[in-house]
Number of protein chains: 2
Amino acid sequence: MAQAVFSFVGGTTGRWQITHMAAVIGAPLEAVSRLDILNVALASLPNGAAWMLRGETDDAQYMHPVERAALAALQPPLDRAEATCAALIPIKKATRWWALTQHERRTIFEEQAHHMEIGMQYLPAVARRLHYCRDLNTPFDFLTWFEYAPEHADAFEVLTSRLRATEEWGYMEREIDIRLTRL
Amino acid sequence: MAQAVFSFVGGTTGRWQITHMAAVIGAPLEAVSRLDILNVALASLPNGAAWMLRGETDDAQYMHPVERAALAALQPPLDRAEATCAALIPIKKATRWWALTQHERRTIFEEQAHHMEIGMQYLPAVARRLHYCRDLNTPFDFLTWFEYAPEHADAFEVLTSRLRATEEWGYMEREIDIRLTRL
C-alpha cells in the first residue's frame with residue numbers, strides 16, 4: 001500500500017539528474033548529481049547519499065470538497081511523459097511567521113492571491129506535490145515538488161519569480177532551489 | 001480589525017431570511033426564521049436567539065501559494081449584489097472518519113475529486129467560505145457558507161447532490177441544510 005510519506009535522497013543514484021542547485025536564502029545543501037524519490041519514510045541515510053529530506057502530503061483534509069475537486073480539475077498529474085523537467089524547493093519559514101496571528105497570515109495570503117491571479121493561465125502546465133515536514137525533525141517546513149515540460153520552463157521561471165516577490169516570501173529563513181531533468 | 005471568527009445566530013433578526021431548514025443526517029437544529037452573521041466570537045447566545053454556531057476560517061495556511069492563488073482566481077467574493085441566495089451547511093464527521101489513516105482519507109478524496117471534476121464548470125457562480133469548529137466546543141466540525149444568484153440555484157442543487165453522493169459523505173454523522181435569501 002502506497003504511503004503518504006516521501007523521502008528525497010540527494011546522492012549519486014536515482015531517476016532525476018540535478019542540473020542546478022542554489023541556496024536562495026540561508027545555508028546551502030551539499031551539491032549532488034542525482035536525486036532519488038522514494039514513497040517511503042527512510043529511517044537513515046542510504047549508503048553513498050549526501051542528504052535526505054522527508055515530508056508527508058496532507059493538505060486535502062483541510063479543504064472543502066468543492067475546492068479539492070476544483071484543484072484536481074486544474075492540475076495535471078505527476079509523471080506525465082512530457083514533463084521531463086522538475087524542481088524541488090525546500091523552504092523554512094522564520095519563527096516570526098508562525099508567531100503571526102491567523103488574521104495577519106490571511107491578510108498576507110489575500111494580497112498574494114490578488115497579485116498572482118493574472119499569472120494563473122500557465123497553471124495546468126505545472127504539476128505539483130506539497131510535502132509537510134515541520135513536525136518531522138527536518139531543517140525545512142515544506143518541500144514542494146514541481147514537474148513540467150521543457151517548453152514550459154520559461155513559465156515556471158515566471159511562477160517562481162512571482163512567488164519570491166510575495167510578502168509571504170519575506171518570511172522565509174531558508175530556501176533551496178534544485179532543478180532536475182528526468183533520466 | 002476584522003477577525004477570522006464568525007458567529008451564525010439563528011433567531012428572529014438578521015439580514016438573511018431562512019426559506020428552508022432540513023436535518024439531512026442526525027438531529028435537527030431548532031427551526032428559526034432569520035439568520036444573523038457576525039464577524040466576532042460571541043461568548044453567549046444573544047437575547048431571543050435559538051442557537052448560535054461559531055467557526056473560524058483557516059484553510060489557507062495549509063495550501064501552496066500557487067493553489068491558494070488558483071482558487072482565489074476561480075472563486076467569486078462573498079457579498080456580490082446578485083448573490084441573494086445562500087446556504088449554511090453545518091456538518092459533523094463520524095469518529096470513524098477521524099480514525100482513518102491519512103492514506104485512507106486521501107484515497108477517498110482522490111476518488112471524490114475524480115467524480116466531481118466534470119461538474120466544475122459552475123464553480124465561478126458559487127462563493128464559499130469554510131469555517132472550522134471542531135476545536136471550538138460546538139456540535140459540528142465544519143460550517144460551510146455558500147452564496148449564489150437565483151439563476152444558479154439549480155446548479156447549486158447539482159453541487160450538493162454530488163457532494164452527498166461522495167464516499168466522504170458516507171462518514172457524516174450530522175448534516176443540516178439551511179437555505180436563505182437576503183433581505
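What you see below is based on every heavy atom in this structure, not just the backbone, and it leaves out hydrogens, waters and symmetry mates. Just so it is clear: chains get the letters A, B, ... in the order the sequence lines come, proteins before strands, and each one is counted from 1. Because the structure is predicted, anything quoted here is derived from the model rather than measured.
The distance from the CD1 atom of A/I89 to the NE2 atom of B/H64 is 7.0 Å, given to the nearest 0.5 Å. Note that OG1 of B/T166 is 8.0 Å distant from CZ of A/R68, once rounded to the nearest 0.5 Å.
Listed by first and then second residue, the salt bridge (Lys or Arg N to Asp or Glu O under 4.0 Å) pairs that reach into residues 81-91 of chain A come to none, sequence neighbours excluded.
Chain A is approached within less than 4.5 Å, heavy atom to heavy atom, by B/E168, B/W169 from residues 168-183 of chain B, ordered by number.
The main-chain N or O of A/T57 is found under 3.5 Å from a side-chain atom of B/R106 such that the two form a donor-acceptor pair.
The shortest side-chain heavy-atom distance between B/V66 and A/Q75 does not fall under the 4.5 Å cut-off.
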